[in-house]
Amino acid sequence: MSSLIVLRLIHIVAGMFWVGAILFVAGFLLPSLPAIGPAAGVLMDQVARARRLTLWMMATALLTVFSGILLYSRDSDGFSSAAWLGSGPGRTFGLGGILAIVTVVVGMGITSPTARRMGALGGRARAEGRAPTPDEGAELDRLRARLMRSSRVQAVLLVLTAAAMAVARYVP
């Protein structure tokens, strides 16, 4: 099997996981948490710490982006083919790549630290065997809203990324 096939498989399979995971988190998991009540913290602890979803998402995001950069470099002759870079496919793959990189920045800069802060705050109350104080509850609500917004932004960016990748070869 050629290295190009392996690289494309890594890019596509990792990308599928990344897109699917963020769509699930932003569209189903996070919106369901308020209905669960106090058990939401336990569920998120299980998903984040025990199942390491955030680690899997970050790893597949980085695999997707780095393999994409290598594929783009190959297609553009080491980023030196002005003709290919200026072509429809070159511009569209480039746009998709930029959107993916922005998604990683949002994930690492906003989503991940927010989720860690929520986990620490909720975990402290659970470890002490108590409900969050009113101040802690207000902070958890603020963090939950921020996490929801950043996850939705990531979901939109990744759908646009996947759309760009799906049509790039056919853009004139």
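Heavy atoms only: backbone and side chains are in, while hydrogens, waters and symmetry mates are out. In this text the structure is predicted, and so the values were computed from the model without any measurement. Along the sequence shown, residues are numbered consecutively beginning with 1.
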ILVMFWY cluster, Met57 and Leu62 together (side-chain gap under 4.5 Å): yes
At their closest point, which heavy atom of Pro132 faces which heavy atom of Leu140, and how far apart are they? CG-CD1, 3.9 Å
Below 4.5 Å, heavy atoms only, C-beta onward: do Trp18 and Val104 meet side chain to side chain? yes
Heavy-atom side-chain proximity of Arg144 to Leu30 below 4.5 angstrom: no
Going hydrophobic residue to hydrophobic residue with side-chain gaps under 4.5 angstrom, can you get from Met16 over to Ile10? no
Testing the basics here: between Gly107 and Pro113, what is the closest heavy-atom pair and its distance to 0.1 Å? O-CD, 4.1 Å
Check whether any side-chain heavy atom of Leu23 sits under 4.5 Å from a side-chain heavy atom of Val159, and report yes or no. yes
Lys/Arg-Asp/Glu bridge criterion (N-O < 4.0 Å) met for Glu136, Arg130: yes
Can you name the residues that form a ring-ring contact (aromatic ring centres under 6.0 Å, His included) with Trp84, not counting sequence neighbours? Tyr72
Backbone N or O of Gly86 within a donor-acceptor pair of the Arg91 side chain at under 3.5 Å? yes
Between Met58 and Thr54, is any pair of side-chain heavy atoms under 4.5 Å apart? no
Does Phe24 belong to the same Ile/Leu/Val/Met/Phe/Trp/Tyr cluster as Val156, with side-chain heavy atoms less than 4.5 Å apart forming each link? no
Thr60 and Val13: CA distance, side-chain angles, deciding distance, side chain to side chain contact (heavy atoms under 4.5 Å, CB included) verdict: CA-CA 9 Å; Thr60 56; Val13 172; over 6 Å; no
Can you name the residues that form a side chain to side chain contact (heavy atoms under 4.5 Å, CB included) with Leu70, not counting sequence neighbours? Leu7
For Arg126, is the CZ atom crowded, meaning more than 12 foreign heavy atoms sit under 6.0 Å from it? yes
Quick one: salt bridge (charged side-chain N to carboxylate O under 4.0 Å, His left out) pairs with a partner in residues 58-81, sequence neighbours left out? Asp75-Arg169
Give the C-alpha distance, both sets of side-chain angles, the deciding distance and a yes or no for side chain to side chain contact (heavy atoms under 4.5 Å, CB included) between Glu139 and Met118. CA-CA 8 Å; Glu139 177 70 3; Met118 283 180 71; over 6 Å; no
Roughly how far, to the nearest 0.5 Å, is CG of Leu147 from CD of Gln154? 9.0 Å
Which residues pass the side chain to side chain contact (heavy atoms under 4.5 Å, CB included) test with Val167, not counting sequence neighbours? Thr92, Val171
Linked, directly or transitively: Val25 and Leu157 (ILVMFWY side chains, under 4.5 Å): no
Side chains of Met44 and Leu29, heavy atoms from C-beta outward: is any pair under 4.5 Å? yes
Partner set under salt bridge (Lys or Arg N to Asp or Glu O under 4.0 Å) for Arg49, not counting sequence neighbours: Asp45
Quick one: list whatever passes side chain to side chain contact (heavy atoms under 4.5 Å, CB included) with Leu55, sequence neighbours left out. Arg52
Side chains of Ile110 and Val153, heavy atoms from C-beta outward: is any pair under 4.5 Å? no
Are Arg51 and Trp56 side-chain neighbours, meaning at least one heavy-atom pair lies under 4.5 Å? no
Find the distance between CZ (Arg149) and OG1 (Thr114) and round it off to the nearest 0.5 Å. 9.0 Å
First locate atom CD1 of Ile22, then atom CG of Leu158, and finally report the distance between them rounded to the nearest 0.5 Å. 7.0 Å
Roughly how far, to the nearest 0.5 Å, is the CG atom of Leu121 from the CZ atom of Arg116? 14.5 Å
Assess whether side chain to side chain contact (heavy atoms under 4.5 Å, CB included) is satisfied between Leu4 and Leu71, documenting all intermediate values. CA-CA 8 Å; Leu4 180 59; Leu71 288 166; 3.5 Å; yes
Checking Ser151 side chain against Met148 main chain: does a donor-acceptor pair fall under 3.5 Å? no
His11 side-chain N/O to Thr64 backbone N/O, donor-acceptor pair under 3.5 Å: yes
Assigning hydrophobic clusters by single linkage (Ile, Leu, Val, Met, Phe, Trp, Tyr; side-chain heavy-atom cutoff under 4.5 Å), is Val19 placed with Val106? no
Heavy-atom count check: over 12 atoms from other residues, nucleotides or ligands less than 6.0 Å from Phe66 CZ? no
Give a yes or no on whether the backbone of Ile69 and the side-chain of Ser73 come within a donor-acceptor separation of less than 3.5 Å. no
